[in-house]
K.L.:
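Let me give you the structure first, and then I'll get to my questions.
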Amino acid sequence: MFAATRDGTKIFYELSGQTDSTRRVALLHSLAMDHTFWAPIVERLKGEAAILTIDCRGHGKSDKPAGPYTVELCAGDLADMFDHLGWDKAVVAGASMGGCVTLAFATRYPARVTGLGLFDTTACYGAPAPWEERAQKALSEGLASLTNFQQTRWFSDAFRAANPGVVQAALDVFLANELPAYAETCRMLGAADLRAALPSIKVPARIIVGSEDYATPVEMAKTMHEGVS
């Protein structure tokens with residue numbers, strides 16, 4: 001299904017689980033993925049809550065307007081999805097890029113959040129230049145040039161060896177992205193800095209990071225923890 005945001009961008013979404021429940025969860029995927037990123041989690045939660053998954057602006061089946069994109073703009077898209085569904089508030093959780101948008105949503109729309117899940121993410125990458133380099137590499141050489149790099153960011157060596165089907169499914173989604181939207185999203189993450197807003201978060205937050213995550217390492221998770229606490 002689709003719903004239009006305040007600027008007319010159409011966002012694809014799926015509503016799963018106990019759709020009439022007042023226990024509500026919204027899940028936001030990582031860079032260059034789509035709503036299917038959360039399929040195993042939706043399966044586990046479907047008997048307990050209403051679950052909203054979306055293709056973020058510039059991703060999947062959603063519109064891919066010209067940039068610039070910001071995490072605040074994407075947070076506004078989620079607020080518009082809530083309005084479309086008649087949701088007043090929900091637990092909001094995101095991985096990587098989705099976690100940055102989750103933080104932006106929590107600070108911009110605090111009354112609409114009952115709890116946060118922040119998974120392998122950060123309040124600030126602090127590195128605009130590398131993100132611009134990645135955007136330029138994709139634009140000049142195509143997304144296939146980044147697949148080896150992406151696999152090591154997504155999965156450990158052991159996981160890749162044991163789960164080739166999962167790895168290939170993620171690569172298929174990655175390679176289906178449109179280059180201009182991917183580049184704009186890279187720039188969005190390079191510019192995002194939500195550290196100053198962390199102390200304003202007053203809802204329960206669960207922060208989880210993999211010990212081998214070098215993209216958003218444990219130190220970044222500790223910064224979020226200390227800021228929210």
Side-chain angles (χ1 to χ4, degrees), residues 5-6 9 11 13 24-35 37-38 41 45 49 51-59 62 67-83 87-128 130-131 134 153-154 184-210 213-229:
T5 67
R6 65 197 71 182
T9 299
I11 300 295
Y13 72 94
R24 296 163 175 165
V25 181
L27 302 173
L28 301 171
H29 60 79
S30 63
L31 171 65
M33 294 290 101
D34 63 14
H35 70 283
F37 179 91
W38 294 106
I41 305 303
L45 293 178
I51 309 151
L52 171 66
T53 53
I54 70 172
D55 290 349
C56 293
R57 173 184 295 253
H59 292 74
S62 292
Y69 299 171
T70 66
V71 290
E72 291 79 14
L73 179 63
C74 293
D77 292 343
L78 182 61
D80 293 342
M81 294 302 100
F82 278 25
D83 291 343
W87 284 18
D88 55 347
K89 54 190 174 182
V91 172
V92 181
S96 192
M97 177 193 80
C100 293
V101 176
T102 294
L103 285 172
F105 186 85
T107 56
R108 180 160 285 200
Y109 306 97
R112 308 199 77 165
V113 178
T114 57
L116 300 179
L118 302 166
F119 310 130
D120 292 279
T121 191
T122 180
C124 180
Y125 285 96
W131 282 104
R134 195 189 312 185
R153 291 172 74 89
W154 292 333
E184 288 296 345
T185 311
C186 287
R187 295 175 182 127
M188 175 184 86
L189 294 177
D193 188 348
L194 297 152
R195 290 173 295 181
L198 292 175
S200 69
I201 295 173
K202 304 301 180 184
V203 295
R206 180 63 58 90
I207 301 171
I208 300 175
V209 62
D213 186 342
Y214 69 85
T216 52
V218 172
E219 289 74 17
M220 287 183 173
K222 288 180 178 177
T223 297
M224 288 190 296
H225 180 266
E226 292 165 359
V228 172
S229 299

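Model, not experiment: these values are computed from the prediction.
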K.L.:
Which residues pass the salt bridge (charged side-chain N to carboxylate O under 4.0 Å, His left out) test with D55, not counting sequence neighbours?
P.N.:
none

K.L.:
For a quick test of reading the model, state the closest non-hydrogen atom pair linking R57 to T5 and the distance between them.
P.N.:
NH2-OG1, 3.7 Å

K.L.:
Kindly give the heavy-atom pair with the smallest separation between H29 and I54, and that separation in Å.
P.N.:
CD2-O, 3.2 Å

K.L.:
Checking D88 now: which residues fulfil side chain to side chain contact (heavy atoms under 4.5 Å, CB included) with it, not counting sequence neighbours?
P.N.:
R24

K.L.:
With the side chain counted from C-beta on, respond yes when I41 and I51 share a heavy-atom pair under 4.5 Å apart, and no when they do not.
P.N.:
no

K.L.:
To the closest 0.5 Å, what do you measure between CD1 (I201) and CG (L194)?
P.N.:
8.0 Å

K.L.:
Suppose we screen for side chain to side chain donor-acceptor pair (under 3.5 Å). Which residues come up paired with D34, at least two apart in sequence or across chains?
P.N.:
T36

K.L.:
Within the structure provided, determine whether T114 and V203 are in side-chain contact (heavy-atom separation under 4.5 Å).
P.N.:
no

K.L.:
Strictly distance-based, threshold 3.5 Å: is any side-chain N or O of S200 a donor or acceptor partner for the main-chain N or O of A197?
P.N.:
yes

K.L.:
What distance separates I207 CD1 from H225 NE2, expressed to the nearest 0.5 Å?
P.N.:
6.0 Å

K.L.:
Give the intermediate values and the outcome of side chain to side chain contact (heavy atoms under 4.5 Å, CB included) for residues L78 and R112.
P.N.:
CA-CA 10 Å; L78 182 61; R112 308 199 77 165; over 6 Å; no

K.L.:
Answer yes or no: is there a side-chain heavy-atom contact under 4.5 Å between P68 and M188?
P.N.:
no

K.L.:
Name all pairs fulfilling the salt bridge (Lys or Arg N to Asp or Glu O under 4.0 Å) condition that reach into residues 113-122, sequence neighbours left out, sorted by first residue then second.
P.N.:
none

K.L.:
Compare all side-chain heavy atoms of L103 with those of M224 and state whether any distance is below 4.5 angstrom.
P.N.:
yes

K.L.:
Looking at K222 and E219, is there a salt bridge between them, counting it only when a charged N and a carboxylate O are closer than 4.0 Å?
P.N.:
no

K.L.:
Please tell me if the side chains of T223 and T122 come closer than 4.5 Å, counting only heavy atoms from C-beta onward.
P.N.:
no

K.L.:
State which residues pass side chain to side chain donor-acceptor pair (under 3.5 Å) with R134; sequence neighbours excluded, sorted by chain then number.
P.N.:
Q150

K.L.:
From M81 CE over to D83 CG, what is the distance, rounded to the nearest 0.5 angstrom?
P.N.:
9.0 Å

K.L.:
Side-chain contact test, heavy atoms from C-beta onward, threshold under 4.5 Å: evaluate it for M220 versus V209 and give yes or no.
P.N.:
no

K.L.:
Less than 4.5 Å apart, side chain to side chain, heavy atoms only: is that true for W38 and V25?
P.N.:
no

K.L.:
For T53, enumerate each residue passing the side chain to side chain donor-acceptor pair (under 3.5 Å) test, keeping only those at least two apart in sequence or located in another chain.
P.N.:
none

K.L.:
Provide the closest heavy-atom pair for G117 versus T102 in the form atom of the first, atom of the second, distance.
P.N.:
O-CG2, 4.2 Å

K.L.:
What's the shortest heavy-atom distance between V228 and A205, and which atoms?
P.N.:
CG1-CB, 4.4 Å

K.L.:
Pairs under 3.5 angstrom only: tabulate donor-acceptor contacts from the side chains of residues 91-100 to other protein residues two or more places apart or in another chain.
P.N.:
from : atom 1 : to   : atom 2 : distance (Å)
S96  : OG     : Y125 : OH     : 3.4

K.L.:
Quick one: CD1 on I11 to SG on C74, what's the gap to the nearest 0.5 Å?
P.N.:
7.5 Å

K.L.:
In Å, rounded to the nearest 0.5 Å, how long is the span from OH of Y69 to CG of D77?
P.N.:
9.5 Å

K.L.:
How would you list, by chain and number, every residue that makes a ring pair (Phe, Tyr, Trp, His ring centres under 6.0 Å) with F82, sequence neighbours excluded?
P.N.:
W87, F105

K.L.:
Over all heavy atoms of both residues, which pair between F37 and S30 is shortest? Give the atoms and the distance, please.
P.N.:
CE1-OG, 3.4 Å

K.L.:
Do C186 and L31 come close enough that some side-chain heavy atom pair is under 4.5 Å?
P.N.:
yes

K.L.:
Can you name the salt bridge (charged side-chain N to carboxylate O under 4.0 Å, His left out) partners of R108, sequence neighbours left out?
P.N.:
none

K.L.:
By side chain to side chain contact (heavy atoms under 4.5 Å, CB included), which residues pair with A192, not counting sequence neighbours?
P.N.:
V71

K.L.:
Look up atom OG1 in T9 and atom CG in L73, then write down how far apart they are to the nearest 0.5 Å.
P.N.:
7.0 Å

K.L.:
Who passes salt bridge (charged side-chain N to carboxylate O under 4.0 Å, His left out) against R153, sequence neighbours left out?
P.N.:
none

K.L.:
The criterion is salt bridge (charged side-chain N to carboxylate O under 4.0 Å, His left out); which residues satisfy it with D80, sequence neighbours excluded?
P.N.:
R6

